[in-house]
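Here's the structure, in structure tokens; my notes come after.
Throughout, protein chains are lettered first and strands after them, A, B, ... in sequence-line order, and every chain is numbered starting at 1.
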Protein chains: 2
Amino acid sequence: MSKCEQCIVKQFNSLKSLTKEELVRISGCKTSKTIKKGEVIFEEGDIVNGVFCIKDGICKLSKLSANGKDQIVKLVVKGDLLGQRSLVTEETANLSAVALNDMEVCFIPKSEIISDLSKNANFSMDVLKDMANDLRQADDIIVNMAQKSVRQRLAETLVYLYESFGTNPDKTLSVILSREDYANIVGTAVESAIRVLSQFKKQGLISTSGKKIKIENLEGLKRVE
Amino acid sequence: MSKCEQCIVKQFNSLKSLTKEELVRISGCKTSKTIKKGEVIFEEGDIVNGVFCIKDGICKLSKLSANGKDQIVKLVVKGDLLGQRSLVTEETANLSAVALNDMEVCFIPKSEIISDLSKNANFSMDVLKDMANDLRQADDIIVNMAQKSVRQRLAETLVYLYESFGTNPDKTLSVILSREDYANIVGTAVESAIRVLSQFKKQGLISTSGKKIKIENLEGLKRVE
DNA sequence: CATAAAATATGATATTTATCATGTTTTAAG
DNA sequence: CTTAAAACATGATAAATATCATATTTTATG
């Protein structure tokens with residue numbers, strides 16, 4: 001099993017502030033897991049009891065609403081820590097996490113890492129910063145949901161995926177989502193999401209082939225009203 | 001000037017975890033302020049550089065969207081700490097804070113309290129918990145915005161105001177908001193908010209007299225579809 | 001590779017919400 | 001108390017989005 005001390009992934013999240021000794025101890029109690037596309041990592045109401053360090057892959061954090069639709073709140077990717085809230089609260093998970101492609105993750109039990117949160121001020125400050133950042137992002141999404149059209153939100157989602165997660169060699173978005181996922185990010189009906197994507201195609205803003213989407217006119221997308 | 005050590009308001013927020021000595025020091029550098037209804041506490045883009053402890057009153061945290069509408073993201077009330085994010089990030093404020101009625105607040109400079117965040121683990125854990133809680137709430141609002149109708153969101157807002165902030169002796173909601181504020185919480189046009197409130201009146205769910213709103217049928221409001 | 005199931009696509013229509021217009025009521029200032 | 005401004009209210013209409021129906025394409029699986 002690989003060691004946390006040597007893992008480069010940790011550079012991208014709060015674990016980077018743990019000391020050598022702390023990392024060695026955590027390395028000894030972590031479990032590595034492979035998670036297949038579509039698999040549930042945890043669900044709303046689950047007791048999570050630890051954090052997942054994402055070594056590879058992407059998952060969605062979503063919440064089921066009363067009308068049966070899943071609202072995607074955040075995408076969590078390689079390098080991120082998943083389930084930081086569980087370290088801090090005694091509550092059950094508020095969101096579900098589902099793999100969008102095959103993933104490699106390490107699970108660190110809460111019992112092992114919780115003490116570092118109070119002993120290592122750098123680490124707790126990092127977690128605080130991360131949470132503050134998530135909070136700002138969430139506030140921004142609230143504003144977008146409330147004030148922007150489906151067209152705008154979908155255009156912004158495509159821009160976000162392009163700028164945050166990049167493209168494959170063939171220039172298509174490296175994050176591959178179903179039309180339903182797009183609808184669940186934007187907060188609209190699947191048919192509406194499909195319709196808007198079709199419009200974008202007709203306008204030459206994107207091109208598609210199956211689930212693959214290529215951004216053809218980034219500036220145009222940014223200007224969508 | 002009153003002293004933090006003896007202030008009961010701090011019991012309701014993270015400041016309760018500061019030691020006697022820390023409180024005495026902070027008491028010496030805080031500034032008490034009276035803020036009039038409608039006054040701006042800070043604006044998007046401002047450098048906040050400290051936290052406000054709300055001794056009395058209510059304010060709204062909102063963000064201006066591109067179309068010129070203000071989206072209210074959160075209400076901050078007596079007992080809460082305002083501006084916790086500023087302690088953690090170097091960024092400027094992401095939201096504006098505006099008093100909804102006359103307020104009494106104490107301002108604690110970041111420079112004085114930041115060191116406590118790394119020295120006092122109880123305090124930083126409290127701030128973390130608070131932030132985790134804000135994050136959960138924000139995620140829930142995203143889901144509501146995306147999946148619920150204006151009617152439902154407005155009904156839920158009324159229930160929230162009733163259950164979180166209570167009523168005056170005459171049974172009207174103690175938080176008094178303009179129709180525009182309601183629209184800006186729900187994320188709809190002012191006319192739409194007014195129309196829905198009128199419907200609720202006709203259905204006997206609420207009654208109004210000017211800005212005062214009385215919940216007449218709480219269960220009915222909770223069942224609004 | 002055949003076939004069923006799932007995902008994508010598009011039209012027709014209904015519903016929700018926004019916008020514009022205009023009148024009424026409430027509030028604040030002198 | 002008067003008066004102007006702001007807030008509230010409501011109708012008419014337009015625009016955005018959801019829903020339902022149905023066809024086509026893609027994907028998964030034996």
Side-chain angles (χ1 to χ4, degrees), chain A residues 36-39 65-71 100-102 144-158 172-173 176-203 206-214 224-225, chain B residues 36-39 65-71 98 100-102 144-155 157-158 172-173 176-203 206-214 224-225:
Chain A
K36 289 244 172 303
K37 177 179 172 177
E39 225 175 284
S65 75
N67 64 17
K69 277 183 191 160
D70 222 31
Q71 179 62 36
L100 288 175
N101 50 31
D102 292 352
N144 284 344
M145 284 292 173
Q147 308 282 358
K148 292 184 178 169
S149 68
V150 167
R151 267 178 74 77
Q152 282 177 299
R153 269 140 53 201
L154 189 42
E156 285 182 14
T157 299
L158 291 167
T172 59
L173 293 178
I176 293 189
L177 300 175
S178 66
R179 303 295 193 261
E180 188 177 10
D181 286 328
Y182 278 105
N184 291 347
I185 290 173
V186 167
T188 191
V190 178
E191 296 96 319
S192 298
I194 291 174
R195 236 179 277 272
V196 173
L197 285 176
S198 298
Q199 286 175 19
F200 287 170
K201 265 191 283 188
K202 278 184 194 143
Q203 296 176 265
I206 62 171
S207 60
T208 69
S209 124
K211 288 200 206 313
K212 289 184 178 177
I213 295 182
K214 190 194 279 186
V224 162
E225 301 250 319
Chain B
K36 289 245 171 303
K37 178 180 172 177
E39 226 175 285
S65 75
N67 63 17
K69 277 184 192 161
D70 222 31
Q71 179 62 35
V98 176
L100 288 176
N101 50 31
D102 292 353
N144 284 343
M145 284 292 174
Q147 307 283 358
K148 293 186 177 170
S149 67
V150 167
R151 267 178 74 77
Q152 283 178 298
R153 269 139 56 199
L154 189 43
T157 300
L158 291 167
T172 59
L173 293 178
I176 293 189
L177 300 175
S178 66
R179 302 295 192 261
E180 188 177 11
D181 286 329
Y182 278 105
N184 291 346
I185 291 173
V186 166
T188 191
V190 178
E191 298 95 319
S192 299
I194 291 174
R195 237 180 275 274
V196 174
L197 285 176
S198 297
Q199 285 175 18
F200 287 169
K201 265 192 282 189
K202 278 183 194 144
Q203 296 177 265
I206 63 172
S207 60
T208 68
S209 120
K211 287 200 205 316
K212 289 184 178 178
I213 295 182
K214 190 194 278 186
V224 162
E225 300 252 319

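Atom CD in A:Glu180 sits roughly 18 Å away from atom P in C:dA5 (whole-Å rounding). Atom pair B:Arg179:CZ and C:dT25:P shows a separation of 15 Å (rounding to whole Å applied). Between the CD atom of B:Glu225 and the P atom of C:dT15 there is a distance of 15 Å, given to the nearest Å. Rounded to an integer number of Å, the gap from A:Ile176 CD1 to D:dT27 P is 10 Å. Per the geometry, CZ belonging to B:Arg195 stands 14 Å off P belonging to C:dT16, to the nearest Å. Separating the NZ atom of B:Lys202 from the P atom of D:dG11 is a distance of 6 Å, rounded to the nearest angstrom. Between the CD1 atom of B:Ile194 and the C1' atom of C:dA18 there is a distance of 13 Å, rounded to whole Å. Atom CG in B:Asn184 sits about 12 Å away from atom P in D:dA7, given to the nearest Å.
Looking only at distances, no side-chain donor or acceptor of A:Arg179 sits under 3.5 Å from a matching main-chain atom of A:Ile194. Under a 3.5 Å cut-off, the side chain of A:Ser149 and the backbone N or O of A:Gln152 do form a donor-acceptor pair.
The side chain of A:Ser198 sits closest to C:dA9 out of C:dA9, C:dT8, D:dT19.
Between B:Glu191 and A:Leu197, the residue anchored closer to the 5' end of DNA chain C is A:Leu197, taking for each the nucleotide with the nearest heavy atom. Of the two residues contacting DNA chain C, namely B:Lys37 and B:Ser149, the nearest-nucleotide position lying further toward the 5' end is that of B:Ser149.
Backbone-only engagement by A:Lys201 is indicated by non-hydrogen atom pairs under 4.0 Å involving sugar-phosphate atoms exclusively. Among the atoms of the strands shown, none is found under 4.0 Å from any heavy atom of B:Lys148.
Contact between the side-chain N/O atoms of A:Lys212 and the OP1/OP2 oxygens of D:dT26 is not found at any separation under 4.0 Å. Remark: B:Thr188 is in phosphate contact with C:dA18, judged by side-chain N or O atoms under 4.0 Å from OP1 or OP2. Contact between the side-chain N/O atoms of B:Ser192 and the OP1/OP2 oxygens of C:dA18 is found at a separation under 4.0 Å. At least one side-chain nitrogen or oxygen of B:Lys211 sits closer than 4.0 Å to the OP1 or OP2 atom of D:dC8.
Using a 4.5 Å heavy-atom threshold, the side chains of A:Ile206 and A:Leu197 count as touching. A heavy-atom distance below 4.5 Å is not found between the side chains of A:Phe200 and A:Ile213.
Remark: A:Glu180 CD is loosely packed, at most 12 non-hydrogen atoms of other residues, nucleotides or ligands lying under 6.0 Å away.
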